[in-house]
Each structure stands twice: as structure tokens, then as C-alpha cells.
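First the structure, in the form of C-alpha cells, and then the observations on it.
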Amino acid sequence: MEDHVLEVRHLGKTFGKNVVLRDIDFTVNTGDVTCIIGASGSGKSTLLRCINLLETPTCGEILHHGRSIMDKGFNPSKYRAKVGMVFQSFNLFNNMTVLQNCMIGLTKVLGVKKETAKKTAMFYLEKVGMAPYIHVKPRQISGGQKQRVAIARALAMEPEVLLFDEPTSALDPQMVGEVLEVMRTLAKEGLTMLVVTHEMAFARDVSSHVVFMADGVICEEGTPQQIFEAPQHERTREFLQRFRNN
Amino acid sequence: MPQTFGEKILYILQNYGMTFLRGAGVTMLIAVVSTFIGCIIGFLVGIVQTIPTDRSKNPVKWALLGLVRIILNIYVEVFRGTPMMVQAMFIYYGAAMLFHINMDMWTAAFFIVSINTGAYMAETVRGGILSIDSGQTEGAKAIGMNHFQTMVHVVLPQALRNIMPQIGNNLIINIKDTCVLTVIGTVELFYSSKSVAGAYYWYFESFTIAMVVYFILTFLCSRLLRLLESKMDGPESYDLATSDTLAHTSGMTRFSEDPDKDPKVDRFFSTRGDM
């Protein structure tokens, strides 16, 4: 039997009168690399933020290993420690060094001893190639480096699934390369990932499942081959037109 | 008796130097301690004002917090909206009249200045917390921190740095404003100057000294706080930790465009077995 880490069922989200998400349905299994693509404003980021409870869904439900995360007694902090998130704007803690950024979750949230936390943090910082920068403050490194630290910070918590909210959208092309490279390697290692991205090549080559969103609904979903080579829906074809021409 | 301005100043300094010094000491003690306590009050009030509440999720907490906030708002508005000199009289004589508490000079002084500073700092802290990018809070939440942890480890340290200039401002204002405490008999710098002036009718000379002493105090404090601020910011330059025993050298590995063709990658990730 497949292990459903996350199941999204009939999810809806409205901001005031604006309907941002409607009847969203999809499943993330262990080991999946799911890419969510679509035009800006189609609700991709909101969906991801709902999954991490940074936004409260208006209707529908999200199940984590079969348990609704919107139940009254549900502890969002404990859940978030297992479902990591990487943001477009990095959101590194400006008052801490790179190493402290990666250790704080371990020591304060998981209650890991300082020495062990340092080892774990160092392991993941090495993985993203940021080990030499451990004593540096976030304001002193480049965007790509920040994002790699942010990924290390999320990985240090050893999450079941890692959400990426347009991780490369705030970076220049060279930095995009270094961040995607890290993500490719993570995907290869079997990390469960849910990625909102505009990097079509990444979605095509790395993901195991692609979700195309338009106007707050899932327009089409399937394997990368299905979506990129034989899109069924007119909107999908239109959206991918530009990418294919390049 | 000395005749000229210079002679009179010298005479005062020789005979009443200690009086001025003691006055300056009292002024500084009240200003520093009260600013500190005021900051703590301000932080507590400011934090309570920024606790997020959801009426639908926890109505009891929502109602309770609402009530506390109303009380705190009244506190802030009343103490910001009335002169400290009047507050000093009101509290000092009010405590004696209504509650039969005879506050001694120190208690009264610390109490009045602290509670006044607290009212101003509450708004400053609230502003400081609001000035921190919401991304910081989201980053903290995303690794599983609760509201308290987010505040203590992420938001407040940054808010504190941002409001340091305002804390300095408050300290300087307090150094100057302790002089209103003369109305309840606190023997600080202004009171001392006045007594010396009264003894010889040398008002100009005596208050010239007071001016200089007040200025030295405030100027020193503002410079010291600047120093503290730059210390909080840390150095601009940084060293790479390549010699760190845990770091090895793998961090320097460059990524190639295609991991499949890159032999480095395997070595790079083979470290997992070490864990």
C-alpha cells in the first residue's frame, strides 16, 4: 500500500470575496517529487501556504498520514517541524549566523543537544556547499547562498516532505543554477518534495508528478511526459507554448 | 568673596563640587534604572499588544486578551497624555492620601519615571515588532516554532536592535526630565543646583554648571549607546570557516550543470554514511 504523506481533499480558499483556490484535490506519496506549475496568480503559492497552515483553508481538508491538519486539537507547530518549507524570499533569521540558523530548530523545537545539532547542521550545510560560511550573517551572503542555507535549515529538521515556494524566483540565472542543482540532488536521493516553480526544465526533468494550475483550480495533472509532451487541456498547451519555443 | 563670574564658578566647584556630583549621580541612577525597568514594561505591554488571536478558535483567550489590551491602552494613553510633573504629585500625594503609603524618595522616583517610560516604550516596542518582516515569523513557524519561541529567538532580538535609537532617546529624555522630581523632594542634579544657587543668590553661575553637567551626561550616554549599537551589528567583514574541523573542504565543491556527468557529486553526498 502506498503511503500518503499528504492528501488534499476539495480544498478551497477565499480572501474576502476573492476565490483563490477551488476544489483542489491531489495526493503526495513518500518519495514523490511533485511540481506545481501555472501562471502567476493561479493560486500555487496559496496552496502551498495552506498546506503548511500559514494560511487557514476556507473549506475542504488536508490529511497528514490520514489525519486532518485542520482539527481543533491539531498542533500546527509539531506538524510544521515534519513538513519543511523553503520560501521565495529565503526568510533566514537575520539575527543569527548561518550555523545558528540551521541549529535553532533542532535545539529549540526538537530539543536536540547542542553538539548533535551542530553535527546535523554541518552535515546539511556541507551538502548544500555552505559549510565555509557558518559564521557569517545572512546579510553578508548572496541570494543563491541564502537559499542554499534556507534549504539546509529545512533539511536539518529531517522533514518527511519539503515544500518549496518558488525557491528560485528571486535569483539571477547563475544563482538559479546553484539552487536547482541542490534540489536535483535532493530529488535523486529520494526526498519527498512539493515544488511550486516557474522552472519548466526542472519540472520536466526532475519531477515524478506535475500539477498544472490555472485560476485557482487544478487544470491538469500527470507525469511530466503527459503534461509536457501531450497536454490534454487547451490552457496547459497555451501555458507551455512559450516554454517549448525556447 | 569672589566677584567675577569665573571666580564664583570656581568657588562653587571647590565648595559644592560634591553636591553637584551627588546630584548628578542620583540623576543618572534614576534615569538608567527607570529606563531599564521602563523598557521591560514596554516590552511586556508591546508583546501583549501583538499576540495574534483568533476569535473563532479560542473565544475565551480572545475575550481575556481583549480586556487586558483595553486596560493596557488606558495605561499608555493616560501616562503619555499627562505631564510627568503632575503625575509625580498625583502619585506621591495620592498614595499617601488614599492608601496611607508614604513612599520614600527613591521608590517614588523609580516608580514614576519607570511607569512613564514604559508607556512610551510600549508603543516603540509595538512599532519595533511590526517593523520586522513577516517573512521572519513565517520562517520561524515553518521550522515548527510556536509563537513564544518565534518572539524570543527571532523577532524580539531584531526588534530590540531596531529600537535601540529610541531607547537611547528615552534615556536622554529621562536624564533631563528627572528634574521634575524636585516637586516631590528628590535631591537630584536640578535640586542640588537650586540649593547652591539659593545659598548665595548665584543663579546664573550655579545653573551654568548644571547645564554643563547635564550636557556631559547626555552626550556621554548617546555616544555609549552608539557604541553598543555598532557592537550589536557585529563586524562587516567575515572569515570563511575552511579550517573548521567539522567543515572539511567539501563546502567548496562547485556544482556543475549536469549532476550525472559530475563525479564530484557522488563523493559529495557519500558523507551521509558518516552520520
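Hydrogens, waters and symmetry mates play no part in the numbers below; they use all other heavy atoms, side chains included. Below, read A as the first sequence line, B as the second, and so on, with proteins coming before strands; counting in each chain starts at 1.
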Steps toward side chain to side chain contact (heavy atoms under 4.5 Å, CB included) verdict (A/K108, B/V152): CA-CA 11 Å; A/K108 301 297 173 190; B/V152 170; over 6 Å; no
Go through A/K78, A/K137, A/K72, A/R153 and name the one with the most non-hydrogen pairs under 4.5 angstrom from chain B. A/R153
Taking all non-hydrogen atoms of both residues into account, name the closest pair between A/F87 and B/G139 and its distance. CE1-CA, 3.8 Å
CZ of B/F36: more than 12 outside heavy atoms within 6.0 angstrom? no
Taking side chain as everything from C-beta outward and backbone as N, CA, C, O, which of these in A/L92 sits under 4.5 Å from a heavy atom of chain B? Side chain, backbone, both or neither. backbone
Side chain / backbone / both / neither for A/V86 at chain B, heavy atoms under 4.5 Å: neither
Checked B/E138, B/Q149, B/H147, B/R161 vs chain A; the most non-hydrogen pairs under 4.5 Å come from B/E138
Does any backbone or side-chain atom of B/Q136 lie under 4.5 Å from a heavy atom of chain A? Answer side chain, backbone, both or neither. both
dist B/N146:CG -> A/R80:CZ (nearest 0.5 Å) comes out at 10.0 Å
Does atom NZ of B/K141 have more than 12 heavy-atom neighbours from other groups under 6.0 Å away? no
Neighbour count >12 (heavy atoms, 6.0 Å) for atom CZ, B/F110: yes
For B/D233 and A/R139, which heavy atoms make the closest approach, and how far apart are they? O-NH2, 2.5 Å
Part of A/F93 lying under 4.5 Å from any heavy atom of chain B: both
Minimum-distance pair of heavy atoms, taken over all atoms of A/V109 and B/I143: CG2-O, 3.6 Å
For A/N95, is it the side chain, the backbone, both or neither that has a heavy atom under 4.5 Å from a heavy atom of chain B? both
Does CZ belonging to B/R226 count more than 12 external heavy atoms closer than 6.0 Å? no
